[in-house]
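This report concerns only the one structure given below.
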2 protein chains.
Amino acid sequence: MRQKRGGRAAGVTMEDVARVAGVSAMTVSRVLRQPTLVNADLKAKVEAAIRETGYIYNLVASSLASQRSGIIALILPTVASSIFTDSVKGVSDVARTHAVQMIMAETNYSPAEEEKVIEALLRRRPDGFVIVGVSHTRATRALLEKSGVPVVETWDSTPTPIDSLVGLSNFDAMKAMTEALVAQGFRRIAFVGTATRDRRAQMRAKGYEAGIAEAGLGAPLILNADDLTSMESGRVVAERVAALHPRPDALLCLNDVLAAGALLAFQRMGLAVPGDIAVAGFGGLDFSSHLNPSLSTVDIPRYEMGQKAAEMLIGRIAGTAAQGGTCEMGYRIVLRESTGSSRPAETQAS
Amino acid sequence: MRQKRGGRAAGVTMEDVARVAGVSAMTVSRVLRQPTLVNADLKAKVEAAIRETGYIYNLVASSLASQRSGIIALILPTVASSIFTDSVKGVSDVARTHAVQMIMAETNYSPAEEEKVIEALLRRRPDGFVIVGVSHTRATRALLEKSGVPVVETWDSTPTPIDSLVGLSNFDAMKAMTEALVAQGFRRIAFVGTATRDRRAQMRAKGYEAGIAEAGLGAPLILNADDLTSMESGRVVAERVAALHPRPDALLCLNDVLAAGALLAFQRMGLAVPGDIAVAGFGGLDFSSHLNPSLSTVDIPRYEMGQKAAEMLIGRIAGTAAQGGTCEMGYRIVLRESTGSSRPAETQAS
DNA sequence: GTGAAAGCGCTAACAG
DNA sequence: CTGTTAGCGCTTTCAC
């Protein structure tokens with residue numbers, strides 16, 4: 001609509017709309033952002049002009065001028081796993097409600113990668129961050145604090161969040177499941193899926209250990225898996241577990257994906273679940289209730305965590321919420337067929 | 001680092017870095033974008049100044065000045081389903097390689113919502129779009145064409161893409177699976193999951209119909225499900241199918257999620273799969289090979305489609321690829337235990 | 001190789 | 001309620 005400095009034709013700008021409507025650019029801006037402040041007649045004229053010209057508001061220019069990008073960044077370990085999709089949806093739904101765009105980046109469970117990713121996203125000047133996890137490099141923490149951007153951490157707990165927290169005690173939750181298995185009568189309970197690098201995995205493993213210790217069941221048995229987010233990995237571990245002497249009478253898994261992989265693998269090798277070995281997972285994923293036998297799991301409010309985190313963040317951005325806000329989410333031990341409960345029992349907790 | 005018009009302290013700017021390094025802002029900009037054009041000494045000084053000041057490059061300002069946002073937008077039906085996660089990863093991986101940020105938005109399988117979402121994203125001035133699906137409202141198509149932004153459509157096929165295409169023939173793929181079931185000896189094959197609104201679902205249903213017709217098997221039997229992306233839905237449909245007289249001898253599902261839900265539900269009600277009824281899905285999702293019995297499916301290159309689409313888009317943006325580029329992806333019929341093959345047979349196609 | 005000037009398209013702040 | 005002015009922080013263009 002204009003030719004500038006020999007450049008190619010740019011798009012329609014607010015100025016163009018203003019000219020067509022016979023008003024100033026500021027009035028167009030107001031119609032778009034605070035319509036109630038504008039006289040109805042002018043507003044109508046401007047709206048007509050927008051339609052006529054096919055104007056598309058430029059949020060890049062708006063962001064620069066207003067020092068507000070209308071973007072919130074979501075940092076998570078991986079997008080390719082079903083574990084976080086509900087949390088993503090929770091954040092995304094709240095973001096949409098507030099006319100904010102969510103952008104996502106993954107860290108592959110690596111604090112070093114997280115640092116890079118956050119640094120890269122900071123260049124887009126997001127209005128805030130939702131970060132899965134509370135374990136970061138020193139530099140990440142410093143970077144975030146220096147930037148002054150509101151941050152909500154989630155999916156883990158800590159007394160010292162960077163800014164605000166939507167917490168979940170992985171330790172407590174996995175300990176509770178361990179205790180539930182003990183209460184069901186299992187005595188040789190093995191655990192799959194510790195990873196030195198991931199704090200949430202560690203906390204779950206520790207919760208298991210604590211549960212075993214308190215029950216006086218002797219040494220805990222922790223197995224590792226290379227990849228903690230695939231059913232294939234669960235299958236591989238199941239083969240190792242099946243070969244153990246004595247064989248564990250229950251296998252507690254870091255998450256439902258591993259658990260499902262293990263459960264199906266046990267069946268395939270002719271072991272009865274829960275007759276020969278019980279299986280339990282963590283996460284409360286949809287498919288767990290559909291398996292045969294249905295899978296016992298620790299149900300956690302994945303969607304709600306995302307939702308709550310986004311809401312807190314929006315509050316922090318708007319200035320209506322103070323720094324240091326914390327909200328602890330609960331979990332539910334869901335005992336199903338895979339741990340030998342004939343009828344599903346559900347325990348509310350935390 | 002500066003106080004302007006009584007505003008709060010803004011962050012460190014390029015100007016600040018330039019001052020510290022004793023050069024002009026332009027030189028700082030060059031160090032960041034075209035380092036080879038800058039004298040090594042100055043470059044070192046600038047880099048030191050960047051470190052010293054903790055400068056974080058501002059991509060918002062950069063985008064406005066350069067008319068390039070470094071953002072590509074991915075439009076897909078839903079993020080909460082495992083069906084698209086691999087494609088998302090494909091796009092995202094390629095984007096990262098090219099230092100481009102991917103942003104995502106979902107349409108909930110609705111062209112009207114798609115229109116809104118694309119309009120909203122256009123305000124961020126993305127450099128390009130990857131869109132899942134080829135069915136759009138007139139307005140969407142016009143908007144995209146007028147904007148002049150490169151677009152790559154994918155996951156479906158059409159002779160008239162908006163711009164470029166990474167195609168998949170849902171019709172051919174589902175027809176091939178239907179033929180494979182016929183070849184396995186099934187005669188009363190039912191289909192689950194047509195949705196009037198979604199073109200890809202329609203094409204798969206039509207592929208099924210064509211397969212049935214060509215085999216001379218009489219009238220096709222198509223069942224609907226409310227929600228086409230949940231196992232629960234598959235379970236509900238399975239109950240209806242089990243009650244049919246005569247009962248179908250095979251159930252072909254729109255996707256693997258429905259198929260898994262149905263398969264597990266059949267087992268739960270005491271029907272043998274494939275003995276009493278065979279089940280097949282579509283999508284080649286990971287879990288399908290882990291089920292007992294393992295699930296027959298149409299494997300499609302989900303990750304590669306995302307990857308290819310992103311690569312084509314980047315080419316279009318860079319100007320190295322011409323409009324109208326098309327690339328057709330293939331599929332693989334994977335026959336496993338759920339359709340009674342004793343040993344897995346795999347057929348390469350298209 | 002490096003720098004100065006002139007924007008990119010919008011909004012904050014103020015004046016009326 | 002509406003308009004004017006002066007940027008937001010960078011890059012383009014052109015001169016040196």
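In what follows, every chain begins at residue 1, and chains take the letters A, B, ... in the order their sequences are listed.
In this structure, the nucleotide among dC10(C), dA4(C), dT4(D) sitting nearest to the side chain of Ser24(B) is dA4(C). Distance from the side chain of Val23(A) is smallest for dG3(D) among the nucleotides dC8(D), dC10(C), dG3(D). Here the side chain of Met26(B) is nearest to one of dG3(D), dC10(C), dT13(D), namely dT13(D). The side chain of Ser62(A) lies closest to dC10(C) when the candidates are dT12(D), dG9(D), dC10(C). Closest contact between the side chain of Met14(B) and the listed nucleotides dT11(D), dC10(C), dG9(C) involves dT11(D).
With sequence neighbours left out, the side-chain contact (heavy atoms from CB on, under 4.5 Å) criterion links Ala120(B) to Arg123(B). Taking the salt bridge (Lys or Arg N to Asp or Glu O under 4.0 Å) definition, one finds that Arg199(A) meets it with Asp156(A), sequence neighbours left out. With sequence neighbours excluded, the residues satisfying ring-ring contact (aromatic ring centres under 6.0 Å, His included) with Phe84(B) are Trp155(B). Every residue meeting the side-chain contact (heavy atoms from CB on, under 4.5 Å) condition with Asp163(B), not counting sequence neighbours, appears here in chain and number order: Pro150(B), Val151(B), Arg316(B), Gln323(B).
Applying the side-chain hydrogen bond (donor to acceptor under 3.5 Å, both in side chains) test to pairs two or more places apart or on separate chains, those with a residue in residues 102-113 of chain B are Lys89(A)-Glu106(B), Asn108(B)-Glu113(B). Residues in residues 32-41 of chain A take part in no side-chain hydrogen bond (donor to acceptor under 3.5 Å, both in side chains) pair, two or more places apart or across chains. Within the structure, ring pair (Phe, Tyr, Trp, His ring centres under 6.0 Å) pairs that include any residue of residues 305-324 of chain A do not occur (at least two apart or interchain).
Five base pairs at each end of the helix from dG1(C)-dC16(D) to dG16(C)-dC1(D) define two local axes, and these are offset by 30° (rounded to 10°).
Distance Leu64(A) CG to dG7(D) P: 14 Å, rounded to the nearest Å. Straight-line distance from the CZ atom of Arg19(A) to the C1' atom of dG3(D): 16 Å, rounded to whole Å. The separation between Arg125(B) atom CZ and dC10(D) atom C1' is 17 Å, rounded to whole Å. Regarding Asp16(B), its CG atom lies at a distance of 13 Å from the C1' atom of dC8(D), rounded to whole Å. Atom P of nucleotide dG9(D) and atom CD1 of Ile56(B) are separated by 13 Å, given to the nearest angstrom. Between the CG atom of Asn58(B) and the C1' atom of dC8(C) there is a distance of 13 Å, given to the nearest Å. Taking atom OH of Tyr57(B) as the reference point, atom C1' of dC10(D) lies 7 Å away to the nearest angstrom. For the pair Arg68(A) CZ and dT11(C) P, the interatomic distance rounds to 13 Å; values are reported in whole Å.
Between Ile50(A) and Leu32(A) the shortest side-chain heavy-atom distance falls below 4.5 Å. When side chains are defined from C-beta on, Thr13(A) does not count as touching Asn58(A), because their heavy atoms never get closer than 4.5 Å.
Near DNA chain C, meaning a heavy atom under 4.0 Å from it, residues 29-44 of chain B has Arg30(B), Leu37(B), Val38(B), Asn39(B), Leu42(B) in order of number.
For the pair Gln67(A) and dC10(C), the criterion of a side-chain N or O lying under 4.0 Å from OP1 or OP2 is not met.
Closest approach of Val20(A) to Ala49(A), counting heavy atoms only: CG1-CB, 3.7 Å.
Between Val28(A) and Gly22(B), it is Gly22(B) whose nearest contact on DNA chain C lies nearer the 5' terminus. Remark on DNA chain C: of its neighbouring residues Thr27(B) and Val60(A), the 5'-side contact belongs to Thr27(B), judged by nearest-heavy-atom nucleotide.
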